[in-house]
Amino acid sequence: MEFAELKKHIKARSPKACYACYGDDDFLLSRAVALISGLVTGLAEFNIVEKEFQKAGELEEQLMQLPVMSEYRVVIARGKTDAAAVEEYLKRPNPSSVLVLTYPVPHDTWSRTSPVKLPAGAEGVNCNRLPIKLVVPFVRATGEKAGASFDDKAISALYSRCGGYMTRINSEAQKLAAMRAGGTVTEADVAAEVTADTEFVVFELGDSIIAGNTRRALEIVDGMAKNNDLTAAFTMLYNRFKRIFIAAVSPEELPSLGIKPFMATKLIAESKKLPKRKLKNILDMLCDADLGYKTGATSQYDALSAFVVRASDGGRI
């Protein structure tokens with residue numbers, strides 16, 4: 001199920017024996033665990049257990065205990081768990097215990113091509129980044145608590161500059177609301193006060209290369225160098241252009257890479273902006289740039305700068 005469905009699910013029906021919360025947004029993962037923990041109605045110190053279990057037997061022992069003055073007992077297993085043992089337990093679970101598993105996913109979603117494998121019998125809870133339509137009411141509510149409002153462009157800019165991650169959106173929205181208490185947070189406020197997420201910056205760099213805007217691409221590289229963000233750029237750029245290239249030559253393969261229809265449509269549209277030959281050359285140049293700085297032949301900054309000049313047609317391929 002999606003994270004947005006979890007609260008209603010918990011209130012409307014008996015809980016599942018196990019919830020496997022996975023995704024790349026730490027804020028949503030923590031909120032999902034908190035919502036499930038809300039099943040405990042009393043004596044949380046006895047009825048909520050949260051730890052890493054070194055042995056499968058320790059986990060099962062906790063799951064088989066009865067709750068104390070509460071209908072349910074919640075066991076949150078952090079770290080790596082024995083999937084086979086969990087699956088065996090779920091064949092005959094304790095009806096008064098709810099097991100919660102968490103599977104944090106790295107933020108670089110461009111490089112993630114396969115879904116998280118969850119234990120059989122567990123109810124998956126998708127805690128990947130929310131679409132902006134679900135973030136808007138959260139940001140507005142955050143502003144209201146401080147007596148501030150957010151205009152539409154400000155929320156859009158906040159979402160983009162934070163890479164869609166609620167962990168940052170939450171803290172930045174609180175900061176902006178406090179700064180504009182009694183007034184309105186604008187797009188200019190967001191641009192001035194919120195540092196852009198690395199993923200957003202690299203995406204903008206890719207856009208500049210595709211548009212042939214060499215000057216803007218070099219400005220972005222300079223900004224990334226000041227923020228020590230250069231290392232991530234090589235991998236993220238390669239993965240983006242790899243997908244654009246696949247969209248150009250074999251668009252039917254995109255679903256097998258875990259790319260959803262909406263994103264596939266965007267990639268296909270981007271692939272039409274550049275010739276297939278140039279897309280292949282960009283991938284080769286990125287590999288050369290990556291190898292150059294890793295072998296010490298050049299610095300990260302010089303390698304990335306030279307690449308963007310050539311790839312954006314500031315230097316002819």
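- Residues V201 and M224 meet the side-chain proximity criterion, which asks for heavy atoms closer than 4.5 Å.
- C21 contributes atom SG, which lies 7.0 Å from atom CG of L6 (distance to the nearest 0.5 angstrom).
- The main-chain N or O of N94 is found under 3.5 Å from a side-chain atom of Y89 such that the two form a donor-acceptor pair.
- Under the side chain to side chain contact (heavy atoms under 4.5 Å, CB included) rule, R73 has a single partner from I48, V49, V40, which is V49.
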- request: Apply side chain to side chain contact (heavy atoms under 4.5 Å, CB included) to the pair F53 and T81, showing each step before the final yes or no.
  value: CA-CA 7 Å; F53 293 91; T81 56; 5.8 Å; no

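- No side-chain donor-acceptor contact under 3.5 Å links R310 to the backbone of A306.
- A salt bridge links E204 with R216; the closest basic N to acidic carboxylate O contact falls under 4.0 Å.
- Applying the side chain to side chain donor-acceptor pair (under 3.5 Å) test to pairs two or more places apart or on separate chains, those with a residue in residues 42-61 are E50-R78.
- F138 contributes atom CZ, which lies 4.0 Å from atom CZ of F27 (distance to the nearest 0.5 angstrom).
- Ring centroids of Y19 and H9 are separated by less than 6.0 Å, placing the two rings close together.
- Here the side chains of Y22 and V125 are not in contact, with every heavy-atom distance at 4.5 Å or above.
- For S70 (side chain) and Y72 (main-chain N/O), a donor-acceptor pair under 3.5 Å exists by modelled atom type.
- Neither side chain, D302 nor Y293, offers a donor N or O lying under 3.5 Å from an acceptor on the other.
- N170 places no side-chain N or O within 3.5 Å of a backbone atom of M166 that could act as its donor or acceptor partner.
- Within the 4.5 Å cutoff, the side chain of P104 has heavy atoms near those of the L29 side chain.
- Across all their heavy atoms, A289 and F307 have their closest contact at CB-CB, 4.3 Å.
- Annotation for V309 and T214: closest pair CA-CG2, 4.1 Å, computed over non-hydrogen atoms.
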message: Between V185 and D151, does the side chain to side chain contact (heavy atoms under 4.5 Å, CB included) criterion hold? Intermediate values first, please.
response: CA-CA 6 Å; V185 178; D151 65 30; over 6 Å; no

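- Here SG of C18 is found 4.0 Å from CG of L99. Values are rounded to the nearest 0.5 Å.
- Judged by distance alone, the side chains of Q300 and T231 do bring a donor and an acceptor atom under 3.5 Å apart.
- Annotation: cation-pi geometry satisfied between R129 and Y165 (NZ/CZ under 6.0 angstrom from ring centroid, within 45° of ring axis).
- Between R240 and E270, some side-chain heavy-atom pair lies under the 4.5 Å cut-off.
- Atoms NZ and CG, on K16 and L90 in that order, are 11.5 Å from each other to the nearest 0.5 Å.
- Here the closest heavy-atom approach between residue F150 and residue A173 is recorded as CZ-O, 3.6 Å.
- For I155 against I132, the heavy-atom pair with the smallest separation is O-CD1, 4.4 Å.
- S250 places no side-chain N or O within donor-acceptor distance of the main-chain N or O of I246, the cut-off being under 3.5 Å.
- A donor-acceptor distance shorter than 3.5 angstrom exists from the side chain of S271 to the backbone of I268, with no hydrogens or angles considered.
- The side-chain heavy atoms of D290 and T235, taken from C-beta on, include no pair separated by under 4.5 Å.
- When every heavy atom of L176 is checked against every heavy atom of E193, the shortest pair comes out as CD2-CB, 3.8 Å.
- Proximity of a side-chain donor or acceptor of S96 to a complementary backbone N or O of P67 within less than 3.5 Å is not detected.
- Here the CG atom belonging to L291 is positioned 12.5 Å from the CG atom belonging to L286, to the nearest 0.5 angstrom.
- Of all non-hydrogen atoms in P119 and L101, the two that sit nearest each other are CG-CD1, 3.8 Å.
- In this structure, CD on E219 lies 8.5 Å from OG on S208, to the nearest 0.5 angstrom.
- Cluster partners of F46, by chain and number: L43, V68, M69. The rule joins Ile, Leu, Val, Met, Phe, Trp and Tyr whenever side-chain heavy atoms lie under 4.5 Å apart.
- Under the salt bridge (charged side-chain N to carboxylate O under 4.0 Å, His left out) criterion, the residue pairs touching residues 158-185 are R168-E172, E172-K175, R180-D189, with sequence neighbours excluded.
- A donor-acceptor pair is defined here as one N or O able to donate and one able to accept, closer than 3.5 Å; such a pair exists between the side chain of T265 and the backbone of P261.
- E87 contributes a side-chain N or O that, together with a main-chain N or O of A120, makes up a donor-acceptor pair within less than 3.5 Å.
- Note on D25 versus R31: no salt bridge recorded, every NZ/NE/NH1/NH2 to OD/OE distance being 4.0 Å or above.
- The main-chain N or O of L63 is found under 3.5 Å from a side-chain atom of S97 such that the two form a donor-acceptor pair.
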